[in-house]
> 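Take this structure, written in C-alpha cells, and hold onto it; I'll ask about it next.
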Amino acid sequence: MTELSIPELSLVVLIGTTGSGKSTFARKHFPHTAIVSSDTCRGIVSDDENDQSATPEAFALLHHIAGIRLRRGLRTVVDATNVQPRARQELVAVARAHDVLPVAIVLDVPDSVCLHRNTLRPDRSHLAAHVVHRQQRELRRGLRGLEREGFRKVYVLRGVEEIDGATLVDEKAWNDKRDLTGPFDVIGDVHGCRAELETLLGELGYAVDRDEAGRAIGARHPGGRTAVFVGDLVDRGPDTPGVLRLVMGMVAAGTALCVTGNHENKLVRALTGKKVTVAHGLAESLSQLEAEDEDFRKAALDFCRGLISHYVLDGGNLVVAHAGLKEEYQGRASGRVRAFAMYGESTGETDEYGLPVRYPWAQDYRGRATVLYGHTPVTDLRWVNNTLCLDTGVVFGGRLTALRYPERDPVSVPAEEVWYEPVRPLAPALATTADTTAAVVHRDPGVLDLDDVLGRRVVHTRHHGRVGVQEENAGAALEVMSRFAIDPRWLVYLPPTMAPCATSSLDGYLEHPAEAFAYYRGEGVNRVVCEEKHMGSRAVVLVTRSAAAARDRFGVEDDGTGAIYTRTGRPFFDDPAQTETLLAEIRAAAEAAGLFEELRSEWLLFDAELLPWSAKALGLLRTQYAAVGAAAKAALDGAAAVLTAVAARGQDVTQLAERTAGRQADAAAFTTAYGRYCWTTDGLDGLRLAPFQLLAAEGVNYAIRDHAWHLAVIDRLVGADPELFTATRRMVVDLTDLDGEAAATAWWTELTTAGGEGMVVKPLDSLVGSRSVDRPGAEAPGNRGRDTDGSGPAPDASGPASAETRDESTCLVQPGVKCRGPEYLRIIYGPEYLREPNLRRLRTRGLGRKRSMALREYALGLEALDRFVAGEPLWRVHEAVFAVLALESEPVDPRL
C-alpha cells in the first residue's frame with residue numbers, strides 16, 4: 001500500500017492519459033467540491049465536454065476557478081490529462097501566484113487498460129488508439145523532469161493495483177501551529193546579545209539550564225509558557241554561539257519556537273560556501289563560531305538551515321515572522337513568502353545611508369491575526385493595525401524586548417553596552433493611539449480608509465454571526481461620518497435602536513406591558529428589569545480622566561477630555577467649550593464615586609439620555625409638534641365657535657359639535673404631552689443626564705454585565721451629583737410570579753398616567769441567547785410568523801441584507817423592548833390616534849424590520865466594544881460602528 005502525504009493547502013495536479021482513472025481517483029480521495037475537471041469546464045463553455053475547439057476557453061475557466069479556491073485557502077485538485085509540459089507549467093504558475101505548493105500525482109497504467117476503459121464509455125468510444133499512445137509517450141518523457149518544472153512533491157503510481165491501493169493523508173504545513181494556543185513570550189531580535197537574553201528570560205520568569213561549564217543550554221517557564229523568537233539571533237553582538245546554544249536547547253526541549261531572520265539566512269549561505277558579502281556583523285559571527293568545535297558548528301548550521309519563514313499560532317490569531325507578513329501570505333509557502341518574511345518589501349529605493357527603503361506594509365494591514373515581527377530596529381513599541389515591531393535595537397545600545405501574548409504586556413531589558421554602531425540611527429516608530437498597556441502606543445496611520453467601508457460588506461460579530469450592510473446604505477453612512485461626525489478617534493460605539501413590544505389588542509392601548517412580558521417569557525427569560533424611560537435625547541458619553549489620558553489612549557491632542565455625541569455620531573453640542581464643561585462635571589462625579597480607581601481605568605464610556613428633550617430637539621418641536629398643536633387649536637377653536645353660533649340660531653349640530661369638542665380635547669392632550677418634556681435651559685443650566693449603562697472601561701466590555709450591576713454604578717453617580725444626574729427608577733420582575741407582573745403593570749400605569757413616557761423591559765442578565773428557531777426579526781410568541789398582531793403576512797424581517805444577516809447557530813434575545821404610554825404615543829402618532837378607526841389601522845403596523853434592525857445594531861455595538869477594549873486597530877472598531885450607522889439608512893418606520 002502506497003501512502004501519499006498531501007499538503008492541506010496545495011494545488012494537486014493529476015497527470016495521466018485518457019482512461020487512466022484520474023476522475024475515479026479524484027472522487028475516491030477528495031471532496032467533489034475540491035475537484036476542477038477540464039471536461040466539466042469544457043462542457044460549461046460549450047455544452048459539450050468533448051468539444052476540443054473549446055479547450056482554450058475551458059482551461060482559462062479551470063485556471064480561474066483554481067485561483068479563486070487557492071486564494072481562499074482551499075486545496076484544489078485539477079483533473080485533466082496534463083501530459084504536456086506547457087499545461088503543467090501553467091498550473092505551476094497558478095500555484096506560485098497564490099503561494100501554495102504544487103503536487104503532482106501521476107497515474108501510469110498500460111495503454112491496453114486505457115484503451116479498454118475508453119471503449120466502455122460512449123463518449124470516449126470514438127477516441128482513436130493513436131491518441132492514447134501519443135499521450136503515453138508524452139507522459140513518460142516528462143516523468144523525470146516534474147521536480148524541475150516546480151512540483152514540490154511528485155508521486156508516480158504505476159499500474160492499477162498500486163493506484164487502487166494508494167492512501168492519502170493530510171500533511172500540515174510546517175508553519176501551521178494553530179493548535180498551539182500559548183501563552184507565548186515573543187522575543188525580538190537578539191543579535192548575539194546572550195547576556196541580555198538571559199536577563200530578559202529571567203524577567204519573563206524562565207529558569208535557565210546550564211551545562212557543566214556554566215553555559216546556558218536551555219530555559220523553561222514554570223507556567224508552561226513558550227518563547228517565540230522572531231529571528232536574527234546572530235551577527236553583530238558579542239556571543240552569537242551562546243545565543244544559538246541557548247535557543248537551540250529551548251527549541252529542542254519544546255519550550256521555544258524560532259523563525260528565520262535574514263541574518264540566519266546569510267550565515268547559512270556563508271557556512272555552506274556560498275558567495276556572500278561579509279558585512280553587517282557577519283564577520284563577528286564567523287569569527288566566534290570558528291572558536292567552537294566542529295560538532296557545534298554543524299549543529300548550528302543545521303538549526304539555522306531548518307528555520308522556517310513564519311509561524312501561524314493560536315488558531316490563526318497570531319503570526320510571527322521576522323520582517324512581518326501580509327495577510328495574503330500567512331500560512332502560505334513559497335520563495336516569495338519566505339523573502340517577504342525575512343526582508344519585508346522594498347520600494348526599490350535606498351536611503352541616505354545606502355540601505356533599502358522598506359514599504360510600510362503594516363499601514364495597509366487589515367488582517368485578523370496579530371502580527372509580531374522585528375527586523376527594523378525602533379526606539380519604542382508602536383502598534384500599527386494589529387502589528388507590532390519588537391526589535392528595539394539591543395545590539396545598538398537599545399533594549400531587548402518581548403511581548404507576552406495574549407496579555408499584550410511588553411517586557412524589556414536595557415543593553416549592557418553599545419555592541420555595534422548602527423549604520424542608520426534608530427528611528428521612532430509611527431506615532432499612534434495608546435494601547436491597552438501603559439508602555440505601548442497604538443494607532444492606525446489612517447483612521448478610516450474608504451476601502452474599509454465602501455461597497456456591500458459583511459461584518460462578523462461574536463454574538464450574532466454575520467451582519468450584512470448594503471452598498472447604498474454604506475454610502476449614506478459615509479456621508480454622515482465624513483461630514484458631520486465627531487473626531488473618529490472618539491467614535492468607538494454607537495447605540496442600537498430599540499424595538500417596541502408587540503402591538504396590544506386591549507381597548508385604548510397600542511402598547512402594553514403584557515406583550516413585553518410575554519415575549520421574554522416565550523424566550524425562556526424568567527427575570528426582567530423594568531426601567532423608567534426618560535424622555536430626552538440619546539447621548540453617548542466618553543469621559544477621560546485627563547487630557548493626558550485622552551492623548552495616550554485615544555491619540556487626541558487638542559486638550560479635549562472626551563466626547564458627548566448623538567446616536568448617529570454627531571457632536572451633541574456645537575460649542576466644544578460647553579462639551580468640556582459638562583465633561584468636567586461628569587468626571588468630578590465619577591471621581592467622587594470612585595469609578596476610575598475601582599475599574600482601574602483612565603476613561604469611562606456611558607450610554608445615557610440627556611434631558612430635556614427640547615435641549616436637542618427644539619427645532620423639531622417648533623416645526624413639527626408645536627406647529628401641529630397650534631394649527632389644530634386655531635382651526636378647532638374657530639370651528640367650535642362657528643358651531644356654537646349655528647346652534648344658537650336653532651340648527652341641530654350636536655353630533656358635529658361633540659366630534660369637534662373631542663378633537664379639541666385630543667389636540668389639547670397632544671400639546672400637553674410634548675410639553676411635559678420641555679423646559680427652559682440656558683447653556684448647561686437646566687440640563688440633566690440620565691445614564692443607564694456603563695458600557696466600557698479599560699480592557700473590559702461592561703455592556704454584557706447584568707443590569708443590576710449597571711444600575712448600582714449609576715446610583716453612585718447620582719449620589720455623587722444629584723443636581724446633574726437623574727436616577728432611573730426600576731422594578732425587577734419575576735415572570736413566573738403573576739403578582740409581580742401585575743405590580744409592574746400597575747407601576748407602568750402610574751408612570752404613564754402621571755405623564756411619563758413609559759418603560760423599557762430588559763432581561764436582568766443583559767446578554768441572553770434566544771431559544772427561538774425563527775430567523776432574524778422573528779416576532780414575539782403570539783405574533784411569530786406574522787408582522788402584525790393578526791393581519792397580513794410578514795415581509796422580509798431583515799430587509800435587503802437578510803440573506804447574509806447572521807449564522808443559523810447564533811441568536812440573541814432583544815436587549816430591551818420599549819413599552820410606551822398612551823399619552824406619549826399621541827406625540828408619535830398624532831392627536832387623534834386613539835380614535836378607533838385610527839387605532840385599528842395602527843394595529844397592523846409591521847415590527848419585523850425594526851426588531852431585526854435592533855438586534856443587528858445591538859450585536860454590532862457589542863462587537864465594536866469588544867474590539868476596542870481588546871486593543872484592536874481603530875479601523876476594526878469603525879467597521880462595526882460604521883455598520884450601525886449604515887443600518888440606520890434602512891427603510892424602517894421611524895415612529896416604531
Side-chain angles (χ1 to χ4, degrees), residues 495 497-504 506-517 520 528-539 607-618 620-621 625-626 629 665-681 686-693 707 710-711 714-715 718 722-733 740-762 815-831 833-834 839 842 895-896:
T497 188
M498 185 171 293
C501 64
T503 305
S504 175
L506 295 175
D507 289 341
Y509 290 97
L510 188 61
E511 296 178 7
H512 190 273
E515 279 66 36
F517 297 144
Y520 284 118
V528 297
V529 58
C530 302
E531 297 181 9
E532 171 190 11
K533 194 172 189 311
H534 300 282
M535 183 50 180
S537 300
R538 193 76 170 265
D607 200 354
E609 289 277 326
L610 199 143
L611 314 175
W613 188 30
S614 55
K616 189 64 180 174
L618 187 59
L620 180 67
L621 286 167
Y625 298 106
D666 287 340
F670 174 80
T671 303
T672 301
Y674 75 73
R676 291 189 180 103
Y677 306 111
C678 309
W679 60 80
T680 302
T681 59
L687 289 182
R688 305 275 294 175
L689 193 66
F692 45 86
Q693 269 193 302
H707 287 289
H710 285 282
L711 292 169
I714 299 309
D715 287 346
V718 175
E723 296 299 318
L724 172 62
F725 292 102
T726 293
T728 296
R729 290 177 287 176
R730 67 270 194 179
M731 175 182 291
V732 176
V733 180
E741 185 176 328
T745 302
W747 181 64
W748 174 82
T749 303
E750 179 185 343
L751 280 177
T752 55
T753 301
E757 178 179 342
M759 68 184 183
V760 179
V761 183
K762 305 176 180 178
V817 293
K818 55 189 177 184
C819 183
R820 297 165 290 185
E823 289 307 309
Y824 172 77
L825 287 173
R826 196 185 295 276
I827 304 172
I828 303 302
Y829 288 108
Y833 91 102
L834 280 174
L839 192 57
L842 287 174
R895 299 172 299 176
L896 294 176

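The analysis underlying the following values was restricted to heavy atoms, covering all of them including side chains, and did not include hydrogens, waters or symmetry mates.
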> List the atom of R538, the atom of F692, and the distance in Å for their closest heavy-atom pair.
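Residues R538 and F692, closest heavy atoms: NE-CZ, 3.5 Å.
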> Only counting residues at least two apart or in another chain, list the ones meeting side chain to side chain contact (heavy atoms under 4.5 Å, CB included) with K533.
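Applying side chain to side chain contact (heavy atoms under 4.5 Å, CB included) to K533 gives E757, V760, K818.
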> Specify the closest pair of heavy atoms between L839 and G508, including all atoms of both residues, with the distance to one decimal.
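That would be CD2-N, 4.1 Å.
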> Give, for atom NE2 of H534 and atom CG of L611, the distance between the pair rounded to the nearest 0.5 Å.
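Going from the NE2 atom of H534 to the CG atom of L611 covers 6.5 Å.
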> To the nearest 0.5 Å, how far apart are CD in E531 and CD1 in I714?
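Interatomic distance, E531 CD to I714 CD1, rounded to 0.5 Å: 9.5 Å.
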> Please identify each residue that fulfils salt bridge (Lys or Arg N to Asp or Glu O under 4.0 Å) with E609, with sequence neighbours left out.
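Partners of E609 by the salt bridge (Lys or Arg N to Asp or Glu O under 4.0 Å) criterion come out as none, since no residue qualifies.
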> Using every non-hydrogen atom in the two residues, find where K762 and Y520 come nearest and quote the distance to one decimal.
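Taking K762 first and Y520 second, the nearest heavy atoms are CA-OH, 4.2 Å.
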> Taking only residues two or more places apart in sequence, or in another chain, which ones meet Q693 in a side-chain hydrogen bond (donor to acceptor under 3.5 Å, both in side chains)?
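Expected list: none.
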> Within a strict 4.5 Å, meaning less than it, do heavy atoms of the T752 and E823 side chains meet?
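No, their side chains stay 4.5 Å or more apart.
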> Which residue pairs satisfy the salt bridge (Lys or Arg N to Asp or Glu O under 4.0 Å) criterion with at least one member in residues 724-733, sequence neighbours excluded?
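Every salt bridge (Lys or Arg N to Asp or Glu O under 4.0 Å) pair that includes a residue of residues 724-733, provided the two are not neighbours, is E532-R729, D715-R730.
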> Could you list the residues that satisfy side chain to side chain contact (heavy atoms under 4.5 Å, CB included) with P815, not counting sequence neighbours?
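Partners of P815 by the side chain to side chain contact (heavy atoms under 4.5 Å, CB included) criterion, ordered by chain and then number, come out as L855, Y858.
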> Excluding sequence neighbours, so at least two apart, what forms side chain to side chain contact (heavy atoms under 4.5 Å, CB included) with A539?
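A539 satisfies side chain to side chain contact (heavy atoms under 4.5 Å, CB included) with I564, F572, L610 only.
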> Pair V529, L711 - check side chain to side chain contact (heavy atoms under 4.5 Å, CB included), show working.
CA-CA 10 Å; V529 58; L711 292 169; 4.2 Å; yes
> So which heavy atom on C530 is nearest to which on M759, and how close?
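Nearest pair, atom of C530 first, then M759: CB-SD, 3.6 Å.
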> Would you call the rings of W748 and H512 parallel, tilted or perpendicular if under 30° counts as parallel and over 60° as perpendicular?
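If you compare the ring of W748 with that of H512, the planes turn out perpendicular.
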> If every non-hydrogen atom of T726 is compared with every non-hydrogen atom of P691, which pair is closest and at what distance?
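Smallest interatomic distance, heavy atoms only, reads O-CD, 4.4 Å.
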> Might you point out which heavy atoms bring E515 and S504 nearest each other, and give the distance in Å?
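Heavy-atom minimum between the residues: OE1-CB, 3.5 Å.
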> The criterion is side-chain hydrogen bond (donor to acceptor under 3.5 Å, both in side chains); which residues satisfy it with T745, sequence neighbours excluded?
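Partners of T745 by the side-chain hydrogen bond (donor to acceptor under 3.5 Å, both in side chains) criterion come out as none, since no residue qualifies.
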